[in-house]
Q: 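Got a structure here, written out as structure tokens. Questions coming.
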Amino acid sequence: LSPEGQSPGPMNSGLLLAGEHPLWLVASRGGLVPHPMSVEGAVSAMTPFHNINCENGFIVSCASRVKVCHLGYRERLDMP
């Protein structure tokens, strides 16, 4: 869930289920941990994004808008 080789912390594997109620599914301990994503409107597209001003970021398209987002350094994705 962060660009390969560019994360200062642990790497996570997972995917985003787009739609009206987007949901991150993160692989952890042989299973998938769900994380609902709060946005205004349905998510129609997502791509990883990383630069000096937005580490561990991603871009989502929702409600006819494009948003640049990021995961915090202390964000724990391997637990609900």
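Position 1 is the first residue of the sequence; numbering continues from there.
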Q: Minimum heavy-atom separation for W24 and M46, please, with both atom names.
A: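 Nearest heavy atoms, W24 then M46: CH2-CE, 3.2 Å.
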
Q: Can you give me the closest heavy-atom contact between L23 and P34, atom names plus distance?
A: CD1-CB, 3.9 Å

Q: When rounded to the nearest 0.5 angstrom, what distance separates OG in S38 from NE2 in H21?
A: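 Output value for this atom pair is 11.0 Å.
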
Q: If the condition is salt bridge (Lys or Arg N to Asp or Glu O under 4.0 Å), which residues does E40 pass it with, not counting sequence neighbours?
A: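 Once residues adjacent in sequence are excluded, the partners of E40 under the salt bridge (Lys or Arg N to Asp or Glu O under 4.0 Å) criterion are K67.
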
Q: From H70 NE2 over to I59 CD1, what is the distance, rounded to the nearest 0.5 angstrom?
A: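 If I round to the nearest 0.5 Å, the distance is 13.0 Å.
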
Q: So which heavy atom on H50 is nearest to which on E55, and how close?
A: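 So the two residues come closest at ND1-CA, 3.4 Å.
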
Q: With rounding to the nearest 0.5 Å, note down the distance linking CG in L25 to CG in L15.
A: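 The CG atom of L15 is 5.0 Å from CG of L25, to the nearest 0.5 Å.
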
Q: For L16 and P22, work out which heavy atoms get closest and say how close.
A: CD1-CB, 4.1 Å

Q: Less than 4.5 Å apart, side chain to side chain, heavy atoms only: is that true for T47 and F58?
A: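 Side chain of T47 against side chain of F58, heavy atoms only: no contact under 4.5 Å found.
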
Q: If we only count heavy atoms from C-beta on, is the L32 to V26 side-chain gap below 4.5 Å?
A: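 No - every pair of side-chain heavy atoms lies 4.5 Å or more apart.
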
Q: If you take all heavy atoms of M37 and V60, which pair is closest and at what distance?
A: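 Where M37 meets V60 most closely, the heavy atoms are CE-CG1, 3.8 Å.
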
Q: Minimum heavy-atom separation for G41 and A63, please, with both atom names.
A: CA-CB, 4.2 Å

